[in-house]
Structures are given as C-alpha cells and as structure tokens.
**Q** 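If you scroll down you'll find the structure; I have some questions about it.
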Amino acid sequence: MREKCDKVALIYGTFKKKGVKYGKYYNQFASLGALADIEIDTEELVNEIIETSNYLKHEKGFGGFSMDGKMRLVFAAMLVGGVYTRNSEVANNSIITSTVALVVAEQIAIMICIMAATSSAAYYN
C-alpha cells in the first residue's frame, strides 16, 4: 500500500515540478490513484497526460470556456490510463467514477448559480 501512495505522490509531484496544476480535490486525486498501478516511467506518464490535455484543449467541449485545465487533466489522465490499463476494470471504473462525480458536481454548482441569479433578479424587479 505504501508503494502506491508513494507513486501517487510522485505523479502529483511530477505535475507540480513541470508547473502543471492538477486539482486538489478528492475526486481529482482518485484518477491519480488509478494510475498508480501502471508500470511506466512517471515522467513519461505525466508527459503523455499533459500532451493529451493540450490536444483536448483544441477540441470542442474541452476548451477554456467549457472546462478548466484541471478538469481537462483529469479527462486526459482517464484517457491515458485507459490505454495502459485495458485489462484492469477496477482502475478504469475508479477513474470513470471520479470523473463523472466531478462533472455532476460542476453541473450542480452551475445550476445553483443560475437559480440564485434568477431569483435575485426576480426579487429586485
């Protein structure tokens, strides 16, 4: 167990060393935890995730207006992890679950903001 924790800390530290901010919330760390079992050099893994994130940035639905860079990194980690863990259903499921939870939480936050703005506007009219 200690090795997996150290690997997650190493992956996170590699992102930080490269000046890339990976999120700090529990559901974003879950995707890093799923990457801990991948037998690949950490530098290479992080570089592939960053490269995938940069590619996604230019695709519809993944740009700066639709999604922040941290969320895009989670999606990139999910995609890269899926390539290396094709036979690991547990790893794939944990990455997908954490990503879906994050997307749902963001959608709920947006709906709450819209409801608050709407009720505030209605109150003052």
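Sequential numbering from 1 along the given sequence is applied to the chain's residues. Both backbone and side-chain heavy atoms feed into the values below; hydrogens, waters and symmetry mates do not.
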**Q** Nearest heavy-atom pair of S53 and A76: which atoms, and what distance?
**A**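 For S53 and A76, the tightest heavy-atom pair comes out as N-CB, 3.6 Å.
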**Q** To the nearest 0.5 Å, how far apart are OG1 in T118 and CE in M111?
**A**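 Between atom OG1 of T118 and atom CE of M111 there are 12.5 Å.
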**Q** I need the K17 NZ to Y12 OH distance, nearest 0.5 Å.
**A** 15.0 Å
**Q** Indicate, with yes or no, if L10 and V74 share a hydrophobic cluster defined by side-chain heavy-atom contacts under 4.5 Å among Ile, Leu, Val, Met, Phe, Trp and Tyr.
**A**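 No, because V74 and L10 fall into different hydrophobic clusters, even though each may have its own neighbours under 4.5 Å.
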**Q** Answer yes or no: is there a side-chain heavy-atom contact under 4.5 Å between D6 and R2?
**A**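 In short, these two side chains touch, coming nearer than 4.5 Å.
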**Q** So does K18 have more than 12 non-hydrogen atoms from other groups sitting under 6.0 Å from NZ?
**A**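 Atom NZ in K18 is crowded, with more than 12 foreign heavy atoms closer than 6.0 Å.
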**Q** Kindly compute the distance separating OG1 (T52) from CG (L79), expressed to the nearest 0.5 Å.
**A**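 The CG atom of L79 is 6.5 Å from OG1 of T52, to the nearest 0.5 Å.
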**Q** If you define the side chain from C-beta out and look only at heavy atoms, does anything of L45 sit under 4.5 Å from D41?
**A** no
**Q** With a 4.5 Å limit on heavy-atom distance, are the side chains of M115 and I112 in contact?
**A** yes
**Q** Taking C-beta and beyond as the side chain, do L35 and I49 meet within less than 4.5 Å on heavy atoms?
**A**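 When only atoms from C-beta onward are counted, I49 and L35 do touch, with a gap below 4.5 Å.
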**Q** Look up atom CD1 in I38 and atom NZ in K7, then write down how far apart they are to the nearest 0.5 Å.
**A**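 Answer for the CD1-NZ pair, I38 versus K7, is 7.5 Å.
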**Q** Is the side chain of S120 donor-acceptor paired with the backbone N or O of A116 at a distance under 3.5 Å, no angle test?
**A**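 Not a single qualifying donor-acceptor pair exists.
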**Q** Taking 4.0 angstrom as the limit, do R72 and E59 come out as a salt bridge?
**A** no
**Q** Counting C-beta onward and ignoring hydrogens, is there a side-chain heavy-atom pair between L73 and F15 closer than 4.5 Å?
**A** yes
